[in-house]
Amino acid sequence: MIKTLPDDVPVLTINSRLARWLLFQHHKKNVQADHKVWNTPEKLNLASWLKEQWTQSWPDQYVLSDWQSFKIWEGIIRTDPECMESGNNSGIRKPWTLLHFRSAAEQAAKAYSLIREYHLNINLGALQTTHETRLFINWARRYEKRLDQLGAIDPSSLIDHVRQAMGKGKITVPKKIVLAGFEEINPQLQIWIDFLKSKGTEVNLDPDPQSPILSWEKLIQGKNIRIAPFSDRKNEAIHCARWIRSVQQPGKNIGIVVPELELYHRTLKNEFKAELAPASVYPWEDTELPFNISLGTSLSEEAMVQVVLQLFTTPRSHIPLENFLYVLKSPFLKTKTAATWDLELSLIRENTVNVHLQQLENQLNLEKDSELKFLVQTWRQVIDDKSKLLPSQWAKQISDILKELGWPSGNRKLTSGEAQCLKKWNECLDEFA
């Protein structure tokens, strides 16, 4: 991987994680050199860089997000009269279920993206061999027509539009770029690389996909490698975490390769926290985790977002005690007062099953329990609110309510992971709006 990277050369990576890692290494090197200030080099994932270049060119068309693109596909499929399925016995044709629509939209969007990446033509005459193929071609044509109506660009076509804009002089052609982490160059990317080279751009690939790859036997020759069997994933994760603790050294990074990481993610995170950052199990400890797992959790699974979802998706004012206490004790809201703990103790002693917000609000003393009462009052108002607003208005209202409740920091400082989570949450709200 790249050792030295000039600050004035765009380094475009296969994904955001590699870009963040390169930036981290750059900052670490400057800190070790005792520099007081330094330039932040342009290290972005390729998709973000292309979108940035496109946006700065004052284009007539805007780029859809992946979610926006998916919703258009879903809408097209949902309104297609051919999207019906036959009943088992009666012969009656029934509409697809919600699961069918979403799955079909995901697969259609993925197929369309691959067609763009490999510069394939959708030829109805040559491809109308199956009912599914004819359906997809019809969807694709309706999708492209919808893009024209919106004045929008599909994310998978952005690189082609940037190339064309560069050819017209609307976007500056860089003198040199580095493409990092691309193990395969698809035809769409290759066409862009060839275009840049024709304009005199120096394009460096790191690693170069064309370079010979060492065989597995040569890679492990002379290395200290052991194979150990384990009875289950949890036992394997425990031994992995303990091994890391036994060999870790300051300033050294340890990489763990995990096939099917999605199956191990939660277990690994728990065991790594237990072995490498034991204090992190306490919610009142703002412990920065000393490890990073490449497969991120869903945003909805993050604790600071879970409390938001709990606040805004509760269907009625009778709330199960467990859910109520989860919000009440959240470190992301400013409700940490003696009244909070007293209320929790009182509810548990009374063997409360459900908390009625209206009754609780009437019981609380405004002067003594001001923050607590404000939380209960706001939560009840959110549940009772039947307003019909535009998505942009909902986004602003949600943000205003959360700010009044002290979210996301509560009375403390956010960790870097929480700050990233907040950034992603804001991006989702913007996209929603």
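Every heavy atom of this structure was used, including side-chain atoms; hydrogens, water molecules and symmetry mates were not.
- Residue K175 qualifies as open at atom NZ: its count of foreign heavy atoms under 6.0 Å is 12 or below.
- What you find for V11 and A180 is that their closest heavy atoms are CG1-CB, 4.2 Å.
- From L46, atom CG reaches atom CD1 of I159 across 5.5 Å, with rounding to the nearest 0.5 Å.
- Looking only at atom types and distance, the side chain of H26 has no donor-acceptor partner in the side chain of W38 under 3.5 Å away.
- More than 12 heavy atoms of other shown residues, nucleotides or ligands fall within 6.0 angstrom of atom CD in Q149.
- Under the 3.5 Å distance criterion, the side-chain polar atoms of T201 are left unmatched by any main-chain donor or acceptor of V203.
- At a threshold of 4.5 Å between non-hydrogen side-chain atoms, the residues K269 and R266 do not count as touching.
- Looking at S198, its side chain does come within 3.5 Å of a backbone N or O of F195 through a donor-acceptor pair.
- In this structure, R380 and D384 have side chains that are in contact, with non-hydrogen atoms separated by less than 4.5 Å.
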Checking side chain to side chain contact (heavy atoms under 4.5 Å, CB included) for the pair L205/D208: CA distance, chi angles, key distance, verdict?
CA-CA 5 Å; L205 297 172; D208 187 349; 4.0 Å; yes

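- When all heavy atoms of I293 and R17 are compared, the pair lying nearest together is O-NH2, 3.6 Å.
- Using a cut-off of 4.0 Å between Lys/Arg side-chain N and Asp/Glu carboxylate O, R163 and D160 are scored as salt-bridged.
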Walk me through it: do N45 and S48 pass the test side chain to side chain donor-acceptor pair (under 3.5 Å)?
CA-CA 6 Å; N45 70 78; S48 297; 2.8 Å; yes

Any chance you could lay out the side chain to side chain contact (heavy atoms under 4.5 Å, CB included) test for V178 and V9, step after step, and finish with the verdict?
CA-CA 7 Å; V178 177; V9 176; 4.0 Å; yes

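- Look at E361 and K373 and you find no salt bridge, because none of the NZ, NE, NH1 or NH2 atoms lies under 4.0 Å from a carboxylate O.
- Residue-environment remark: NZ (K234) stays at or below the threshold of 12 foreign heavy atoms within 6.0 Å.
- Rounding to the nearest 0.5 Å gives a distance of 12.5 Å between SG of C240 and CZ of R245.
- Remark: side-chain polar atoms of S157 are not paired, donor with acceptor, to backbone N or O of I153 under 3.5 angstrom.
- Looking at heavy atoms from C-beta onward, D80 lies in side-chain contact with R142 at the 4.5 angstrom threshold.
- Ionic pairing of E371 and K334 is not present here: no N-O contact between side-chain nitrogen and carboxylate oxygen is shorter than 4.0 angstrom.
- For the pair K424 and E427, the salt-bridge criterion is met [side-chain N within less than 4.0 Å of a carboxylate O].
- E418 has no carboxylate O lying under 4.0 Å from a charged side-chain N of K413, or vice versa, which leaves the two without a salt bridge.
- Without hydrogens or angle criteria, S69 side chain to S65 main chain gives no donor-acceptor distance under 3.5 Å.
- In this structure, S300 and V305 approach most closely via the heavy-atom pair CA-CG1, 4.2 Å.
- Judged purely by distance below 3.5 Å, without hydrogens or angles, the side chains of D385 and Q397 pair a donor atom with an acceptor atom.
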Would you sort out whether L268 and I256 count as a side chain to side chain contact (heavy atoms under 4.5 Å, CB included), showing the intermediate values?
CA-CA 11 Å; L268 276 177; I256 308 297; 5.6 Å; no

Side chain to side chain contact (heavy atoms under 4.5 Å, CB included) evaluation trace for N253 with Q25
CA-CA 11 Å; N253 293 328; Q25 294 301 317; 3.9 Å; yes

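- Expressed to the nearest 0.5 Å, how far CD1 of I185 lies from CD1 of I193 amounts to 4.5 Å.
- Shortest non-hydrogen contact noted between S387 and W394 is O-CZ2, 3.2 Å.
- Looking at heavy atoms from C-beta onward, R134 lies out of side-chain contact with I137 at the 4.5 angstrom threshold.
- Residues L360 and W379 have side chains not in contact (no heavy-atom distance under 4.5 Å, counting atoms from C-beta outward).
- Contact check for L18 versus N15: side-chain heavy atoms found under the 4.5 Å cut-off.
- Between W67 and F70, the ring center distance clears the sub-6.0 Å criterion.
- Remark: the backbone N or O of I401 is not paired with any side-chain donor or acceptor of E404 at under 3.5 angstrom.
- A donor-acceptor contact shorter than 3.5 Å links the side chain of Q188 to the backbone of S156.
- L429 places a side-chain heavy atom less than 4.5 Å from the side chain of S399.
- Relative ring orientation between W54 and H161 is described as perpendicular, the plane-to-plane angle rising above 60° on a 0-90° scale split at 30° and 60°.
- Using a 4.5 Å heavy-atom threshold, the side chains of T13 and L44 count as separate.
- Under 3.5 Å, the side chains of Q358 and S317 contain no donor-acceptor pair of N or O atoms.
- The distance from the CD atom of E74 to the OG1 atom of T79 is 10.5 Å, given to the nearest 0.5 Å.
- In summary, the aromatic rings of W407 and W425 are positioned with their centroids under 6.0 Å apart.
- Remark: E236 does not engage R233 in a salt bridge, criterion side-chain N to carboxylate O under 4.0 Å.
- The two residues T55 and P59 have their closest heavy-atom pair at O-CD, 3.6 Å.
- The two residues Y326 and A303 make their nearest non-hydrogen contact at OH-O, 3.6 Å.
- Within 6.0 Å of the NZ atom in K170, the count of heavy atoms belonging to other residues, nucleotides or ligands does not exceed 12.
- Atom CD of Q164 is separated from atom NZ of K168 by 6.5 Å, given to the nearest 0.5 angstrom.
- Atom-to-atom distance recorded for L357:CG and Q381:CD is 11.0 Å, nearest 0.5 angstrom.
- A cation-pi contact, defined as under 6.0 Å to the ring centre and within 45° of the axis, links R116 to Y112.
- Side-chain atoms of S113 never come within 3.5 Å of backbone atoms of K110 as a donor-acceptor pair (strictly under, hydrogens ignored).
- Ring to ring, Y143 and W73 are close: their centroids are under 6.0 angstrom apart.
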